[in-house]
Amino acid sequence: MSDLLRYFRNYKKETILAPLFKLIEACLELCVPLVIAKIVDTIIPSSNQGNLVAMILLLAILALTGVGFSITAQYFFS
């Protein structure tokens with residue numbers, strides 16, 4: 001194992017940032033079902049259009065942020 005670690009010396013930043021960005025992306029992806037559950041359980045039965053639009057915008061923001069973190073993680077992985 002120590003033989004392999006010497007190859008990572010020049011790539012310390014990438015070795016830390018790539019998994020970190022992938023972890024953040026995974027956390028954002030895990031938030032999506034929670035938002036959808038809130039939409040289905042509370043917002044749709046109450047017929048609140050304002051909150052529905054806000055939650056859909058939140059889903060779009062989560063998706064775009066997740067894509068950004070995914071692209072950044074792939075950059076550091078490469």
Side-chain angles (χ1 to χ4, degrees):
M1 187 66 171
S2 62
D3 293 337
L4 289 175
L5 289 177
R6 66 181 169 156
Y7 294 111
F8 288 115
R9 280 190 200 148
N10 297 333
Y11 302 104
K12 287 181 185 178
K13 178 178 74 168
E14 289 83 0
T15 304
I16 294 171
L17 288 179
L20 179 67
F21 281 121
K22 201 51 122 169
L23 176 70
I24 294 170
E25 178 204 354
C27 290
L28 289 173
E29 291 293 325
L30 290 173
C31 289
V32 170
L34 297 174
V35 174
I36 292 175
K38 182 175 174 116
I39 290 172
V40 171
D41 291 342
T42 60
I43 296 175
I44 290 177
S46 67
S47 300
N48 192 343
Q49 293 289 329
N51 283 346
L52 182 62
V53 171
M55 288 297 153
I56 291 172
L57 288 175
L58 178 64
L59 284 173
I61 290 170
L62 285 173
L64 291 174
T65 308
V67 167
F69 278 111
S70 175
I71 291 170
T72 308
Q74 293 297 51
Y75 172 77
F76 284 121
F77 273 125
S78 66

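Note on residues 15-48: pairs passing ring pair (Phe, Tyr, Trp, His ring centres under 6.0 Å), not counting sequence neighbours, are F21-F69, F21-F76. Among residue pairs with one or both ends in residues 42-63, none qualify as ring pair (Phe, Tyr, Trp, His ring centres under 6.0 Å); sequence neighbours excluded.
A donor-acceptor distance shorter than 3.5 angstrom exists from the side chain of T65 to the backbone of I61, with no hydrogens or angles considered.
By the side-chain contact (heavy atoms from CB on, under 4.5 Å) test, Y11 pairs with E14, T15, sequence neighbours left out. Qualifying side-chain contact (heavy atoms from CB on, under 4.5 Å) partners for L58, counting only residues two or more places apart in sequence or in other chains: V35, M55, L62. Legend: residues meeting side-chain contact (heavy atoms from CB on, under 4.5 Å) with I71, ordered by chain and number and at least two apart, are V67.
Of the inter-residue distances, the one linking I24 atom CD1 with E29 atom CD reads 13.0 Å to the nearest 0.5 angstrom. The line from OH of Y75 to OG of S70 is 15.5 Å long, rounded to the nearest 0.5 Å. In this structure, T42 OG1 and N48 CG are separated by 9.0 Å, a value rounded to the nearest 0.5 Å. Distance CD/Q74 to CD/E25: 8.0 Å, rounded to 0.5 Å.
Contact detail for T72 and G68: the closest heavy-atom pair is OG1-O, 2.8 Å. Residue L59 comes nearest to I36 through the heavy atom pair CD1-CG1, 4.1 Å, listed as atom of the first residue, atom of the second, then distance. Heavy atoms only, all atoms of each residue included: A18 and A73 are closest at O-CB, 3.9 Å.
Following chains of ILVMFWY side-chain contacts shorter than 4.5 Å, one cannot reach L23 starting from V32, and the two form parts of different hydrophobic clusters. Both L28 and L20 are members of a single hydrophobic cluster when ILVMFWY side chains are connected at heavy-atom separations under 4.5 Å. Both V40 and L52 belong to a common hydrophobic cluster when Ile, Leu, Val, Met, Phe, Trp and Tyr are linked at side-chain heavy-atom distances under 4.5 angstrom.
L30 belongs to no hydrophobic cluster, as no Ile, Leu, Val, Met, Phe, Trp or Tyr side chain comes under 4.5 Å of its own.
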